[in-house]
Amino acid sequence: MAKKFYVTTPIYYPSGKPHLGSVYTTLAADVLSRWYKLLGFDVFFLTGTDEHTKKVVIEAVKHGKDIETYLGEITNIFKKVFKNLNIEYDRFIRTSDKDHKKFVQYILNVVNDKGDIYKGVYEGYYCSECENYYTERETPNLICPIHKKSLEVLKEDSYFFKLSKYKDKLLDFYDKNPDFISPEYRKSEIINRVKEGLKDLSISRTNTDWGIEIPFDKNHKVYVWFDALNNYLTGVGVLDNKKLFKKFWPADLHIVGKDILWFHAVIWPAILMSAGYEIPKMVYAHGWLTSNEKKIGKSTGNADDIEELIKKYGSDSIRYFLFKVTPFGEDGEYFEKNLVERNNELANKLGNLVSRVSSLAEKNGVEKTKNKLFKKSYLKKISSLIKNLEFDKSLNEIFTFVDVCNEYIQNEKPWETGVQKDSNESPESTKLHSEKILQNKKILYELVDSIKVISILLWPFIPNASEKIAENFGFKISYDEILKPIKVTNIKRGENLFRKI
Ligand code: MSP
């Protein structure tokens, strides 16, 4: 049976259109999903939207639309942007999906029967115009970010999940599963906070109609996280598709932004422990894309229109740019000029190599020989880097190989025949001439075979370009083809892969 890989992204608040920051995780999940598909794994890749928030209601009203229409439009934009970025997910889950609502109510009953839910009083900072609570983390100055007026302290009845009960179980789990919280440098902060003690989690609100009803009290709606986190179970068929669920659960990897690591590394495993489900293998927290050192986002107003960026640069350049320079775990500054630089780097390095080699090979043909440029050790290194989500380092490694090929063609000059065209050739120089031509063809073969390796390894990152190369060179994109010498029949030059700007 093939091995499996189940990867998820956070589900996004559809209170606005997606921006670079909100496609970042989904692209990373797509890179990994493609990588594991290359390796022959059965992959399930889940993404979607987190719809039961007050902000959604506010936005719908602002646009003069009913909630369903508004959400339908925004989720379609998300899907379109994902498609234009070549993101191939297996399911786009919406928390308003029927199976999800049904499951959230189901798991609430299970956790309640276990004695892990009780009724209490929630006290928080409230804006009556938004009809919404804000945490101190969201508004340290206790001013409503939308209405710019002081928040009031309000109390209401709420159901609580007994998170505090799971402190020791969680600590024990982290101890036995040292890779669960990644990268390593984010782990101690979480564990120290858990050691300090856990507060029970408020999981319901009475002041809204928009949300999933608490099954044992129709006056309460589920409050965000208890609803949202469960998408990872619903998405893979926990209620309606036992076969799928059995195959893919537990998730192999939840990729999340560093701001929501706590919910995934602490609250989520506690809910799963309470309800009796296996715990995912890893939660990986990535850094933020920033602009002038501020997190890119709708509310910060520094989010470029992603659809414009795709039109201007194409999806490969955006994908390459996002992962080439900044280590995935850390924050990275975005300026459009960096994107232009990376786009041109692709054109200068990979684009040039492919166009030189393919036009010579198309014109002169190639001669099979052993490819001395490619070393198996590259492959081992790149595999382990991608597995560890060290995308920047894996791309650097692949592009070191691109550089090796560029130097090789530059030094060997497989376009020179060694003979002046109009010279009166002696039999000896004719022999030299044909030897040089044969040698050129062998050099080209090595380069063609190397480009095959490079394209297959780059497919998870820049699928458009890789697929075009594969078509023009006549090979299949699969891991097994990496070590098989390429069978060349005829190579087509094709059009330029990248547009230099
Ligand atoms: N709905 C919750 C997640 C629930 S998951 C069960 C949420 N939504 S969000 O839309 O606010 O954020 C979704 C993800 O996008 C988070 O992981 C967040 O870190 C990420 N990003 C949003 N802006 C970002 C950047 N500027 N840079 C990188 N990622 C950022 O939280």
Side-chain angles (χ1 to χ4, degrees), residues 7-29 46-56 59 71 74-75 77-78 81-82 87 92-97 100 103-104 107 134-135 137-138 145 186 201 203 211-212 222-236 251 253-272 280 283-304 306 309 318 321-323 326-335 389 391:
V7 62
T8 70
T9 74
I11 45 174
Y12 303 95
Y13 290 133
S15 47
K17 294 204 292 186
H19 51 81
L20 258 192
S22 51
V23 300
Y24 189 46
T25 331
T26 320
L27 279 172
L46 182 73
T47 189
T49 41
D50 186 358
E51 306 190 347
H52 297 121
T53 80
K54 260 283 155 61
K55 275 194 204 143
V56 164
E59 285 302 311
L71 282 174
I74 291 277
T75 48
I77 298 176
F78 267 87
V81 167
F82 287 176
I87 291 168
F92 188 103
I93 190 171
R94 299 177 51 181
T95 50
S96 57
D97 287 345
H100 179 70
F103 179 66
V104 170
I107 194 172
Y134 289 94
T135 60
R137 194 178 65 112
E138 288 167 323
R186 297 208 191 274
L201 178 76
I203 58 164
I212 301 173
V222 183
Y223 181 66
V224 291
W225 287 97
F226 208 98
D227 170 355
L229 287 163
N230 282 307
N231 92 87
Y232 302 130
L233 286 167
T234 322
V236 77
L253 177 64
H254 293 311
I255 312 180
V256 301
K258 61 180 183 180
D259 48 329
I260 57 171
L261 177 59
W262 176 260
F263 300 96
H264 286 79
V266 181
I267 293 170
W268 182 223
I271 295 174
L272 292 168
V283 176
Y284 187 101
H286 63 71
W288 285 340
L289 285 175
T290 60
S291 177
N292 290 317
E293 288 172 20
K294 265 208 225 116
K295 180 184 177 204
I296 292 180
K298 293 175 282 259
S299 50
T300 32
N302 55 358
D304 283 353
I306 182 103
L309 289 180
I318 296 175
F321 157 74
L322 287 176
F323 299 114
T326 310
F328 189 50
E330 289 163 32
D331 291 356
E333 259 303 281
Y334 158 78
F335 289 112
L389 288 84
F391 302 127

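Counting convention: from 1, in listed order, for ligands and their atoms alike. It should be emphasised that the depicted structure is a prediction, and the values quoted were computed from it without experimental measurement.
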With the threshold set at under 4.0 angstrom, would you say W225 reaches ligand 1 through any of its heavy atoms? yes

Proximal atoms of ligand 1 relative to A228 (non-hydrogen, under 4.0 Å): 6 (C)

N/O separation below 3.5 Å, H264 to ligand 1: no

Considering the options T8, T49, L46, which one meets the side-chain contact (heavy atoms from CB on, under 4.5 Å) requirement together with I93? L46

Note the single closest protein heavy atom to atom 17 (O) of ligand 1, along with its residue, its atom name and the distance in Å. G257 N, 2.9 Å

Under 4.0 angstrom from ligand 1, any heavy atom of W268? no

Answer yes or no: are there more than 12 heavy-atom neighbours, outside K258 itself, under 6.0 Å from its atom NZ? yes

Would you call the rings of F321 and Y334 parallel, tilted or perpendicular, taking 30° and 60° as the class edges? perpendicular

Atom 23 (N) of ligand 1 [closest protein heavy-atom partner, distance rounded to 0.1 Å]: K295 CE, 3.4 Å

Quick one: which of T75, I74, T25 gives a side-chain contact (heavy atoms from CB on, under 4.5 Å) with Y12? T25

Nearest heavy-atom neighbours spanning D227 and H100: OD1-NE2, 2.8 Å

What residue and atom, counting heavy atoms only, is the protein's closest point to atom 3 (C) of ligand 1, and at what distance? I11 O, 3.3 Å

How far is atom 13 (C) of ligand 1 from the closest protein heavy atom, and which atom is that? Y12 CD2, 3.4 Å

For the pair E333 (side chain) and E293 (backbone), establish whether a donor and an acceptor sit closer than 3.5 Å, ignoring hydrogens and angles. yes

With respect to I296, determine whether any N or O atom, backbone or side chain, lies less than 3.5 Å from an N or O atom of ligand 1. yes

For atom 16 (C) of ligand 1, the protein heavy atom that lies nearest, with its residue and separation: I260 CD1, 3.8 Å

Considering only non-hydrogen protein atoms, determine which one is nearest to atom 25 (C) of ligand 1 and report residue, atom name and distance to 0.1 Å. G21 CA, 3.4 Å

Which residue holds the protein heavy atom closest to atom 11 (O) of ligand 1, what is that atom called, and what is the gap in Å? Y13 CD1, 3.3 Å

Are the ring centres of Y232 and H264 closer than 6.0 Å? yes

Minimal heavy-atom distance between V23 and P18, with the atoms involved, is CG1-CB, 4.4 Å

Ligand 1 to D259 polar contact by distance, N or O atoms, under 3.5 Å: yes

Which of the atoms of ligand 1 are close to H19, meaning less than 4.0 Å from one of its heavy atoms? 23 (N)

As an exercise, identify every atom of ligand 1 less than 4.0 angstrom from a heavy atom of Y232. 5 (S), 6 (C)

How about Y24 and F323: are their ring centroids closer than 6.0 Å? yes

L229, any N or O under 3.5 Å of ligand 1 N or O: no

I need the D97 CG to F103 CZ distance, nearest 0.5 Å. 14.0 Å

Atom 27 (N) of ligand 1: which protein heavy atom is closest, and how many Å away? L289 N, 2.8 Å

Below 4.0 angstrom, N of the basic side chain to O of the carboxylate: do D331 and K295 qualify? no

Is there a heavy atom in K258 that sits closer than 4.0 Å to ligand 1? no

Against heavy atoms of G287, which atoms of ligand 1 measure under 4.0 Å? 28 (C)

So if I count the atoms of ligand 1 from 1 in the order they appear, which ones are less than 4.0 Å from some heavy atom of D50? 1 (N), 2 (C), 4 (C)

Nearest 0.5 Å, what's the CD1-CG distance between I296 and L20? 5.5 Å

Would you mind listing which atoms of ligand 1 come within a distance below 4.0 Å of any non-hydrogen atom of H286? 28 (C), 29 (N)

Point-to-point distance, once rounded to the nearest 0.5 Å, from CD1 of I77 to NZ of K17: 5.5 Å

